[in-house]
Amino acid sequence: MATDRAIEDDYPPTPGVLLAGGLARRMGGGDKPMRLIAGRPILERVIGRLAPQCDGLVLNANGDPARFAAFGLPVVPDDVTDFPGPLAGVLAGLEWAAANRPDAQYVLTAAADCPFLPRNLVSRLHQARRDNDAEIAVAESGGQMHPIIAIWHVDLRHAIRHALTVEDFRKAHAFVRRFRLAQASWPTAPLDPFFNANQADDLEEATRLAGLDGG
């Protein structure tokens, strides 16, 4: 797959998986990443942030993939039934990488409804991973861990599948703590780079924040 990643020599090839498999119940259903902020879909903003940092992007989403055709990304659905949460999306991304990107040991996952992701997300997560000899490196802001905005070793797909299908264990916060874990922290001023739009009112706030972030 062609890469849009900026020239970097300090971290290994890292495909990115954008997680859009949620049900968006608090927004009345539908695809949160397709909602508009200042006239642009959230997903377009996420792609713009991550494409320069990653060796290719894929989208984890369920249902008809044709609705995302305009973005030109491979669409990978969950293969664990009953919408078991974001860990299923992480699993789908790691399985895709194992099958399609054998050169990649690590994968970035990020929520597809976070329009202001840091432009140094991948490099800083890899730095935290290396510094702590970690298997997972997660983002943190304002004292809050964001366990699905993370870098994962591809081999962790086996443990995730076991947790979901054998243990019926779905809690991402608790799951990542089973492994050697590192965190990289970002400030929340002038805005939290991991702000996500969970409810309809959040779209108004996101539009305001987009002005602080340069549109």
Are the side chain of Arg124 and the backbone N or O of Pro118 linked by a donor-acceptor pair below 3.5 Å? no

Under the side chain to side chain contact (heavy atoms under 4.5 Å, CB included) rule, collect the residues that match up with Ala172, sequence neighbours excluded. Leu87, Pro147, Ile148

Under the side-chain hydrogen bond (donor to acceptor under 3.5 Å, both in side chains) test, which residues partner Glu140, sequence neighbours left out? Ser185

Partner set under side-chain hydrogen bond (donor to acceptor under 3.5 Å, both in side chains) for Arg180, not counting sequence neighbours: none

Set of side chain to side chain contact (heavy atoms under 4.5 Å, CB included) partners for Ala97, sequence neighbours left out: Val107, Val154

Ring of Tyr11, cation from Arg129 - is the NZ or CZ under 6.0 Å from the centre and inside 45° of the axis? no

Is Glu135 reaching over with its side chain to a backbone N or O of Leu156, donor-acceptor style, under 3.5 angstrom? no

Is there a side chain to side chain contact (heavy atoms under 4.5 Å, CB included) between Phe195 and Thr188? Walk through the geometry before answering. CA-CA 9 Å; Phe195 172 93; Thr188 57; over 6 Å; no

Ignoring hydrogens and geometry beyond distance, is a side-chain donor-acceptor pair present between Gln127 and Arg130 at under 3.5 Å? yes

Only pairs at least two apart or in different chains count here, so list each salt bridge (Lys or Arg N to Asp or Glu O under 4.0 Å) that has a residue in residues 62-84. Asp31-Arg67, Asp79-Arg161

For Asp103, enumerate each residue passing the side-chain hydrogen bond (donor to acceptor under 3.5 Å, both in side chains) test, keeping only those at least two apart in sequence or located in another chain. Arg101

CD1 on Ile160 to CZ on Arg170, rounded to 0.5 Å: 14.5 Å

Applying ring-ring contact (aromatic ring centres under 6.0 Å, His included), name anything that partners Phe179, two or more places apart in sequence or on another chain. Phe175

Non-neighbouring partners of Asp155 that pass salt bridge (Lys or Arg N to Asp or Glu O under 4.0 Å), sequence neighbours left out: Arg157

For Arg177, which residues count as a salt bridge (Lys or Arg N to Asp or Glu O under 4.0 Å) partner, sequence neighbours excluded? none

Not counting sequence neighbours, which residues clear side-chain hydrogen bond (donor to acceptor under 3.5 Å, both in side chains) with Asn120? List them please. Trp186

Side chain to side chain contact (heavy atoms under 4.5 Å, CB included) partners for Gln144, two or more places apart: His146

Listed partners of Val76 passing side chain to side chain contact (heavy atoms under 4.5 Å, CB included), at least two apart: Val58, Ala92, Trp96

